[in-house]
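Working notes for the structure below.
Counting from 1, the numbers follow the sequence of the chain as shown. Atoms within a ligand are numbered from 1 in the order they appear, just like the ligands themselves.
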Amino acid sequence: MSGGRPEPAILTLNAGSSSLKFGLFTAALGVMATGLVDRIGGEGSLVLRAASGAPLVPPEGLHRDFADHAAALATALAALGALFPACAIEAVGHRVVHGGPGHDRPIVIAGDTLDRLAALEPFAPLHQPHNLAGIRAAISAFPKAAQVACFDTAFHRSHPFVNDTFALPRAFYAKGVRRYGFHGLSYEFIASALARDWPALARGRVIVAHLGNGASMCALREGRSVASTMGFSALDGLPMGTRCGQLDPGVVLYLMTHEGMDAAAISDLLYRRSGLLGMSGISNDMRKLEESDTPGAREAIDYFVFRIQREMGGLAAALRGLDGVVFCGGIGENSRLIRARVAEGMGWLGVHVDPDRNAANGPVLSPEGAPVTVLTIPTDEEIVIARATTALMPRRKEAAP
Ligand code: AMP
């Protein structure tokens, strides 16, 4: 970006299979803009928003062909450059789904980092290659900027062995077949928000329910993850928009041997055609299911709620008790129905939701004096990436007098 006195800025990128989410931050971590390029690989659209959430020009989005992530990034940068001509991007922070067993914190991308992250692609074949495509596009756009990788798995590397392993022969653990857990950037944000706004609770035992199109839950003790509902892949645990959640591995064997399905067909079924969409036969969108009165929609919601309750009981056991519950993600932050339904079955654990507080969307949902503090906290993965990126940026030399 050009013109005027350069103002240092940080870019965050979250590259999905056909989308690119981005955020532009000042050096002091103020949000300048956030945006999304959708449907990369065809006729897609770019949407840009100001820090207030208000759409930026053009409000209806920019529609054009985006051949690949590099093309999407180039268009996003051109739009940002027109809006913020003085801004000079000094560092780019990337969301990377998998850091493998070795990474428990963000890293600066240098030397053979990209090759080592590419070697983890078999662990996350639907996400990792796209994350790396985003990094390559950013390196060619900003060859001099620091590039930082922030891993969704890193926050969970503190799990004790019993929550890190499967009961398979040890050789598989050594090869990296482990319970990694994901949504780590979201959980890190919630842990930091608790430490700032609820310090006593942050020192206790808290279950965080990240309920969005992807959904998982995490048990925090003193702000550190001790267990998560997701495991080796982002398929395990809760049912999601289109993912199945917990599944008996015998089902996969049956699909292979009796339904003649190969790995690609099973992958498509479990990642894209299951969950709320598969059960309801209507949609992966919770709002649509809540509005529908079909038995499929009702049963999909019932199953979603029941699995959250089951996992809450399991995670409370991992924590040996419970002091707090935090709801976040699109459903957790907005769905009064799901929060109320989950709490209805969890009174025995001390989890109660006050109807008026729930209707007001919190932030405190539990009634006065309840044994478990129930909160809703809007999560913010982008700011976690921006913070980590600033922390790892090489310090700028002061200008000579
Ligand atoms: P996310 O992936 O975090 O953006 O969350 C997306 C999910 O949140 C979708 O299933 C939406 O239907 C759901 N969602 C967003 N707003 C609401 C709402 N007001 N009530 C129920 N679900 C909602």
Side-chain angles (χ1 to χ4, degrees), residues 12 14-23 34-39 45 47 49 53 55 95 97 126-127 130-131 152 182-190 193 208-218 228-230 234-235 237-245 271-294 296-305 307-308 326-344 353 355 357-363 365 375-385:
T12 61
N14 179 354
S17 55
S18 62
S19 67
L20 181 70
K21 274 194 213 160
F22 55 91
T34 58
L36 170 71
V37 180
D38 233 349
R39 297 188 296 278
S45 66
V47 173
R49 290 184 188 281
R95 180 182 188 170
V97 72
L126 300 185
H127 296 95
H130 307 294
N131 300 158
D152 255 327
F182 297 87
H183 288 138
L185 301 174
S186 172
Y187 295 127
E188 190 174 335
F189 177 83
I190 299 296
V208 186
H210 176 112
L211 309 177
N213 204 28
S216 72
M217 292 163 73
C218 175
S228 153
T229 59
M230 276 183 175
L235 273 181
L238 303 178
M240 304 171 221
T242 61
R243 287 173 254 167
C244 58
Y271 276 97
R272 298 200 178 90
R273 295 196 288 120
S274 297
L276 298 176
L277 173 67
M279 283 193 77
S280 69
I282 294 174
S283 174
N284 62 325
D285 189 320
M286 184 57 85
R287 277 167 298 201
K288 292 208 173 111
L289 301 190
E290 289 186 9
E291 283 159 14
S292 166
D293 53 10
T294 62
R298 203 178 55 238
E299 284 167 2
I301 292 178
D302 288 348
Y303 184 74
F304 186 67
V305 168
R307 297 307 304 196
I308 295 169
V326 178
F327 287 99
C328 64
I331 299 171
E333 288 161 28
N334 299 298
S335 174
R336 295 159 178 88
L337 176 80
I338 297 297
R339 293 187 307 237
R341 290 272 319 268
V342 167
E344 259 169 36
V353 161
R357 291 179 168 186
N358 191 32
N361 259 340
L365 301 171
L375 303 170
T376 173
I377 300 179
T379 197
D380 188 347
E381 291 153 314
E382 272 66 37
I383 193 73
V384 174
I385 301 174

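Below 4.0 Å from some heavy atom of G212 lie the following atoms of ligand 1, by number and element: 1 (P), 2 (O), 3 (O), 5 (O). Distances below 4.0 Å separate heavy atoms of N284 from the following atoms of ligand 1: 10 (O). Contact atoms of ligand 1 toward D285: 10 (O), 11 (C), 12 (O) (distance under 4.0 Å to a heavy atom of the residue).
Heavy-atom minimum distance, F182 versus Y187: O-CE1, 3.5 Å.
Protein heavy atom closest to atom 20 (N) of ligand 1, with residue, atom name and distance, is R287 CG, 3.7 Å. Shortest contact from atom 3 (O) of ligand 1 to any protein heavy atom: G330 N, 2.9 Å. With hydrogens left out, the protein atom closest to atom 18 (C) of ligand 1 is N334 CB, 3.4 Å, a heavy atom.
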Item checked: From CA spacing to verdict: side chain to side chain contact (heavy atoms under 4.5 Å, CB included), R272, L126 -> CA-CA 11 Å; R272 298 200 178 90; L126 300 185; 4.0 Å; yes

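A donor-acceptor pair is defined here as one N or O able to donate and one able to accept, closer than 3.5 Å; no such pair exists between the side chain of S292 and the backbone of K288. With hydrogens and angles disregarded, a donor-acceptor distance shorter than 3.5 Å links the side chain of R339 to the backbone of N358. For the pair T242 (side chain) and G275 (backbone), a donor-acceptor distance under 3.5 Å is absent.
Contacts with ligand 1 closer than 4.0 Å are made by side-chain heavy atoms of E290 only, the backbone lying farther away.
Closest heavy-atom approach to atom 2 (O) of ligand 1 within the set N213, T379, I331: this belongs to N213. Distances from atom 9 (C) of ligand 1 to the heavy atoms of E291, M286, R336, M240 show the closest one on M286.
Classified by interplanar angle (parallel below 30°, tilted 30° to 60°, perpendicular above 60°), the ring pair H183/H210 is parallel.
Inter-residue side-chain proximity for L36 and S19 is flagged as met; some heavy-atom pair is nearer than 4.5 Å.
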